There are 2 protein chains.
Amino acid sequence: MPKLWNETIETHRNAVRSAILDTTAALVAEHGISSVSMSQIALSAGIGRATLYKYFPDVDAILVAWHERQIQAHLEHLAQVRDRTEGKSDLKLEAVLQAYALISHSHNGGAQAARLHQGPHVSRAQQHLQEFLAELLGEGAEAGIFRNDVAPGELAGYCLHALEAAGGLTSGDAVLRLVKVTMTGLQPPGVAVTGH
Amino acid sequence: MPKLWNETIETHRNAVRSAILDTTAALVAEHGISSVSMSQIALSAGIGRATLYKYFPDVDAILVAWHERQIQAHLEHLAQVRDRTEGKSDLKLEAVLQAYALISHSHNGGAQAARLHQGPHVSRAQQHLQEFLAELLGEGAEAGIFRNDVAPGELAGYCLHALEAAGGLTSGDAVLRLVKVTMTGLQPPGVAVTGH
DNA sequence: CTTCTTATAAGACAGTATGTATTGTTGCCG
DNA sequence: CGGCAACAATACATACTGTCTTATAAGAAG
């Protein structure tokens with residue numbers, strides 16, 4: 001019983017911290033990410049503004065902590081999916097990737113709503129970029145070079161997002177490998193030796 | 001000669017607008033995206049604060065305009081690459097994708113520097129996620145199910161980014177197609193009918 | 001040259017957010 | 001009870017916002 005006290009206090013701090021994160025997430029979802037303030041969060045969470053500063057130094061730290069918690073939850077969810085899926089690595093991976101895709105799908109549904117409060121953020125030019133790629137992909141698909149079981153627009157979105165992984169790479173060779181991998185994904189179905 | 005005047009004024013406005021965008025980009029690169037303010041931009045651009053408000057309503061509008069201009073420049077660059085590349089659609093596309101990947105590569109080098117000013121933004125948990133996937137991919141590669149000419153970590157980054165395209169999709173079926181396309185990219189090389 | 005127009009700089013203004021410091025209160029512990 | 005830690009409330013100086021007013025400079029037209 002040396003620290004029955006430290007236990008309850010720690011518990012309380014975690015509860016408050018969690019409540020702050022929840023409140024912030026709600027405010028972001030409602031008013032957009034750029035309009036949340038420390039004052040607003042403290043008020044909405046029902047705690048004093050000075051108290052909030054004892055937990056987080058600024059809004060950005062709160063958003064980072066929230067994002068961290070989100071990813072952590074996703075990670076645990078994906079680990080569950082992996083362990084519950086019977087079969088070899090490819091089946092497990094397919095299940096995990098599917099779960100992650102669904103997370104991204106539903107998650108960006110909420111993010112889109114948040115964006116709409118502060119204008120159509122990225123859309124205009126980026127859409128042109130996607131259409132530009134879709135045109136090339138459409139031509140290739142007609143010539144039988146690329147897969148035609150997926151719409152060119154969807155493939156273009158896949159390419160753009162996949163290639164943004166280049167931002168985290170260090171060497172130029174790695175970038176070339178990424179392009180190769182991405183283009184492999186564009187191959188027509190049924191050309192593989194192992195049919196599914 | 002009705003509007004020799006309107007021409008010079010338009011030119012001037014474009015010049016000022018461009019200067020605002022350049023200044024903002026420099027400030028973002030230096031102090032991070034969350035610390036730029038209208039006051040700072042006006043001061044740094046050498047124009048009055050009230051004048052700045054005549055060009056853009058708020059910081060966000062400036063950032064959006066800047067981003068728009070960036071993408072527009074990329075688009076023109078990519079169109080040039082496409083037109084200058086001889087060959088069929090697949091060769092053109094490979095050149096275009098490579099160019100885009102290089103853009104992402106160098107661009108996120110700058111973005112990373114900007115992030116570092118406001119903390120290691122996404123890193124911690126997201127890296128765990130990537131390692132989690134890399135483990136599965138490594139197992140599969142050893143079993144010959146996935147390609148082993150690219151490191152598991154790089155493949156994991158590819159998967160995570162590619163699947164984030166799910167955020168822009170509408171139907172659940174489209175998400176499943178995206179997972180299929182992404183997994184196609186993981187196939188070992190040389191299984192295709194057309195050997196490059 | 002004078003007058004008009006237009007973009008601008010400079011400053012004032014109220015409202016709000018920030019970060020910090022100082023109060024007094026509550027509840028748990030020995 | 002006395003001590004301790006977290007807290008709410010409040011105050012304060014500073015900074016950014018968005019709008020408005022006034023004055024200046026430069027080109028265009030008489």
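All values reported here derive from a predicted model rather than from experimental measurement. Throughout, protein chains are lettered first and strands after them, A, B, ... in sequence-line order, and every chain is numbered starting at 1.
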List the atom of B:Phe146, the atom of B:Leu136, and the distance in Å for their closest heavy-atom pair.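 Shortest heavy-atom separation between B:Phe146 and B:Leu136 comes out as CE1-O, 4.3 Å.
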So which heavy atom on B:Leu178 is nearest to which on B:Ala162, and how close?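 In terms of heavy atoms, the two residues are closest at CD2-O, 3.8 Å.
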Does D:dA6 have OP1 or OP2 under 4.0 Å away from a side-chain N or O of A:Tyr55?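 No, A:Tyr55 has no side-chain N/O under 4.0 Å of OP1/OP2 on D:dA6.
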B:Thr51 vs C:dA7: side-chain N/O to OP1/OP2 distance below 4.0 Å: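 No, B:Thr51 has no side-chain N/O under 4.0 Å of OP1/OP2 on C:dA7.
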For A:Thr51, check side chain to side chain donor-acceptor pair (under 3.5 Å) against everything at least two apart and list the hits. none
Where does DNA chain D pair, written as one dot-bracket string 5' to 3', with Watson-Crick or G-U pairs under 3.5 Å, ( ) inside the strand, [ ] for crossing pairs and | for another strand? ||||||||||||||||||||||||||||||
Expressed in angstrom and rounded to an integer, what is the separation of [X] atom [atom1] from [N] atom [atom2]?
| X | N | atom1 | atom2 | result |
| --- | --- | --- | --- | --- |
| A:Phe56 | C:dG19 | CZ | P | 14 Å |
| B:Leu52 | C:dG11 | CG | P | 18 Å |
| A:Leu43 | D:dC7 | CG | P | 17 Å |
| B:His12 | D:dA25 | NE2 | P | 16 Å |
| A:Asp60 | C:dG19 | CG | P | 11 Å |

Scan nucleotides 12-21 of chain D nucleotide by nucleotide, 5' to 3', and note B when protein non-hydrogen atoms come under 4.0 Å of the base, S if they reach only the sugar-phosphate, - if neither. ----SBBBB-
Does a side-chain N-to-carboxylate-O contact under 4.0 Å join B:Asp149 and B:Arg147? yes
Mind checking if A:Lys54 touches a base, just sugar-phosphate, or nothing, with heavy atoms under 4.0 Å?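 If one applies the 4.0 Å heavy-atom cut-off, A:Lys54 turns out to touch nothing in the nucleic acid.
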Quick check: does any side chain N or O of A:Glu164 sit under 3.5 Å from a backbone N or O of B:Ser104, one acting as donor and the other as acceptor? no
Donor-acceptor pair, A:Ser44 side chain versus A:Gln40 backbone, under 3.5 Å?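 Pair absent, no side-chain N/O of A:Ser44 close to backbone of A:Gln40.
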Crowded around A:Glu131 CD? As in, over 12 foreign heavy atoms under 6.0 Å?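 Counting neighbours around CD of A:Glu131, more than 12 heavy atoms of other residues, nucleotides or ligands fall under 6.0 Å, so yes.
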